[in-house]
Chemist: 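Please see the structure below; I have some questions.
Throughout, numbering of the chain's residues begins at 1 and tracks the sequence.
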Amino acid sequence: MTTYQYPAVLTIAGSDSGGGAGIQADLKTFSALGCFGTSAITAVTVQNTRGVTGIHSIPASVVQGQIKAVMDDIKPAAIKIGMVHSPELVLAIAAQLKQYQVPVVVDPVMVASSGDPLIKEETIALLQQELFPLAQVITPNLDEAQLLTGMSIQNVEEMQAAAQELLHTGCRSVLLKGGHLKGARLFDVYLPRQGDGHVYESAAIQSQNTHGTGCTLSSAIAAYLAQGHPTVEAIQHARHYVYQAIDQGKDVKTGEGHGPLNHFFSPRPMQKMQRK
């Protein structure tokens with residue numbers, strides 16, 4: 001009897017009770033892109049499309065246990081890290097992940113779409129020291145990059161300078177997302193530690209449904225890395241997927257605030273890999 005195995009991905013992130021971001025968005029993205037999604041939940045948030053009203057951190061030992069259980073058995077081919085709320089969680093996750101040799105995508109989630117903080121201030125420096133050096137790519141948005149670097153970022157040139165600064169944290173590459181810049185065109189800056197960088201350009205989509213965009217992009221990158229794509233290709237495919245998910249979800253009514261993307265606008269069939 002022939003058996004098959006789907007490419008597996010692990011998300012280490014917080015749960016969004018509104019279903020648009022965090023663990024929920026990550027798992028939807030993995031499924032839509034033909035991967036088997038697994039999770040290690042770092043926090044339970046009380047939120048909907050209008051905002052975040054509570055955060056409950058999961059004990060560090062439980063988060064470590066979730067990671068170990070998944071990695072020892074299912075053996076994901078890529079890992080995405082999202083919301084890590086406390087210093088204790090950063091240290092626990094870093095200690096556990098150093099045991100594995102798989103590509104890691106770090107989305108330094110700090111502020112929700114509603115403007116609510118999602119991370120303790122004392123966690124920020126530790127995030128850079130412990131998790132960024134493990135990352136194949138980090139994916140901060142403009143607000144997060146400004147907080148991490150202390151730089152003002154108002155244009156593409158300043159985005160490139162900030163990305164260069166972020167490389168000093170030890171990550172292998174940076175994808176700095178420029179969606180918060182106002183204008184008819186949007187720009188993302190990719191800068192690797194080795195090789196050539198790239199500026200991605202796309203048309204802005206007028207939509208209120210952008211909650212979970214960052215979670216979805218980083219998860220899509222991890223999904224494509226799990227399927228064996230090089231980092232640059234993974235980013236290109238992931239950006240295209242997110243653009244279509246925003247466009248196909250712009251007219252959907254979900255709640256009274258920032259609604260989610262349409263993750264399943266065109267689900268792909270599960271990719272099968274023959275197990276030898």
Side-chain angles (χ1 to χ4, degrees), residues 9-33 35-59 62-63 66 79-86 89 93 105-120 123 127 139-144 147 177 179-180 204-223 238-239 241-267:
V9 191
L10 168 64
T11 170
I12 305 171
S15 171
D16 172 6
S17 55
I23 290 287
Q24 286 79 358
D26 298 343
L27 294 177
K28 292 174 187 176
T29 301
F30 299 154
S31 296
L33 297 179
C35 290
F36 181 78
T38 62
S39 64
I41 299 177
T42 61
V44 175
T45 67
V46 181
Q47 67 174 298
N48 53 28
T49 64
R50 292 177 292 186
V52 181
T53 58
I55 299 174
H56 173 72
S57 289
I58 304 299
V62 176
V63 176
Q66 293 177 84
I79 298 171
K80 171 262 172 77
I81 302 176
M83 176 186 170
V84 182
H85 183 58
S86 69
L89 285 173
I93 292 168
V105 179
V106 176
D107 182 21
V109 178
M110 298 178 184
V111 181
S113 301
S114 58
D116 297 293
L118 295 173
I119 188 172
K120 295 180 180 179
T123 308
L127 192 71
T139 62
N141 61 30
L142 288 182
D143 293 339
E144 292 157 351
L147 191 59
K177 301 171 294 188
H180 290 185
I205 299 172
Q206 299 305 312
S207 174
Q208 190 75 357
N209 297 336
T210 56
H211 180 52
T213 302
C215 300
T216 300
L217 178 63
S218 56
S219 295
I221 294 172
R239 290 185 76 257
Y241 167 72
V242 171
Y243 188 90
Q244 294 295 320
I246 294 173
D247 185 58
Q248 297 297 318
K250 65 181 183 297
D251 299 321
V252 179
K253 178 65 173 176
T254 306
E256 301 300 324
H258 291 279
L261 288 62
N262 181 358
H263 292 90
F264 294 106
F265 67 91
S266 180

Chemist: Would you mind listing every salt bridge (charged side-chain N to carboxylate O under 4.0 Å, His left out) that reaches into residues 13-31, with sequence neighbours excluded?
Modeler: Asp26-Lys80

Chemist: Check the pair Thr123, His85 against side chain to side chain donor-acceptor pair (under 3.5 Å), reporting the backbone distance first and the verdict last.
Modeler: CA-CA 7 Å; Thr123 308; His85 183 58; over 6 Å; no

Chemist: List for me each residue that meets side-chain hydrogen bond (donor to acceptor under 3.5 Å, both in side chains) alongside Thr139, sequence neighbours excluded, and say none if there are none.
Modeler: Asp107

Chemist: How would you list, by chain and number, every residue that makes a side chain to side chain contact (heavy atoms under 4.5 Å, CB included) with Ala245, sequence neighbours excluded?
Modeler: Leu261, Phe265

Chemist: How close do Ala40 and Val63 get, heavy atom to heavy atom, and via which atoms?
Modeler: CB-O, 4.3 Å

Chemist: Side-chain contact, heavy-atom cut-off 4.5 Å: Gln66 with Ile41?
Modeler: yes

Chemist: So do the side chains of Asn48 and Glu256 get within less than 4.5 Å of each other, counting heavy atoms only?
Modeler: no

Chemist: Counting distance only, does the side-chain N/O of Thr11 pair as donor-acceptor with the main-chain N or O of Ile23 below 3.5 Å?
Modeler: no

Chemist: Given the rule in the side-chain contact (heavy atoms from CB on, under 4.5 Å) test, do Arg239 and Leu217 qualify, once you have shown the distances and angles that lead to the verdict?
Modeler: CA-CA 7 Å; Arg239 290 185 76 257; Leu217 178 63; 4.1 Å; yes

Chemist: Under 4.5 Å between any side-chain heavy atoms of Phe36 and Ser31, yes or no?
Modeler: no

Chemist: Is the shortest heavy-atom distance from the side chain of Val252 to the side chain of Asn209 under 4.5 Å?
Modeler: yes

Chemist: Would you check, one step at a time, whether the test side-chain contact (heavy atoms from CB on, under 4.5 Å) holds for Val84 with Ile93?
Modeler: CA-CA 9 Å; Val84 182; Ile93 292 168; 3.9 Å; yes

Chemist: If we ignore hydrogens and angles and just use 3.5 Å, is the side chain of Gln47 paired with the main-chain N or O of Gly54 as donor and acceptor?
Modeler: no

Chemist: Checking Lys177 against Thr213 for the side-chain contact (heavy atoms from CB on, under 4.5 Å) test, could you report, in this order, the C-alpha distance in whole Å, the side-chain angles of both residues, the deciding distance, and whether it holds?
Modeler: CA-CA 10 Å; Lys177 301 171 294 188; Thr213 302; over 6 Å; no

Chemist: From Ile81 CD1 over to Leu89 CG, what is the distance, rounded to the nearest 0.5 angstrom?
Modeler: 11.5 Å

Chemist: Shortest non-hydrogen contact from Phe30 to Ser219?
Modeler: CE2-O, 3.4 Å

Chemist: Of all the heavy-atom pairs spanning Thr254 and Pro260, show the shortest one and how long it is.
Modeler: CB-CD, 3.7 Å

Chemist: Considering all heavy atoms of both residues, which atom of Val109 and which atom of Glu144 are nearest to each other, and what is their separation?
Modeler: CA-OE2, 3.6 Å

Chemist: Are His56 and Val46 close enough that some pair of their side-chain heavy atoms sits under 4.5 Å apart?
Modeler: no

Chemist: For residues Tyr241 and Ala32, report the shortest heavy-atom separation together with the two atoms involved.
Modeler: OH-CB, 3.6 Å

Chemist: Please identify each residue that fulfils side-chain hydrogen bond (donor to acceptor under 3.5 Å, both in side chains) with Ser86, with sequence neighbours left out.
Modeler: Glu88

Chemist: List for me each residue that meets salt bridge (charged side-chain N to carboxylate O under 4.0 Å, His left out) alongside Asp247, sequence neighbours excluded, and say none if there are none.
Modeler: Lys250

Chemist: Go through the structure and list residues passing side-chain hydrogen bond (donor to acceptor under 3.5 Å, both in side chains) with Ser15, not counting sequence neighbours.
Modeler: Gln24

Chemist: Do Ile79 and Ile12 touch side chain to side chain, with heavy atoms closer than 4.5 Å?
Modeler: yes

Chemist: If only atom types and distance count, is the side chain of Thr49 paired as donor or acceptor with the main-chain N or O of Gly255 below 3.5 Å?
Modeler: no

Chemist: What pair of heavy atoms forms the shortest contact from Ala43 to Ile55, and how long is it?
Modeler: CB-CG2, 4.1 Å

Chemist: What do the steps show when you test Thr42 against Ile58 for side-chain contact (heavy atoms from CB on, under 4.5 Å), and what is the final call?
Modeler: CA-CA 5 Å; Thr42 61; Ile58 304 299; 5.7 Å; no

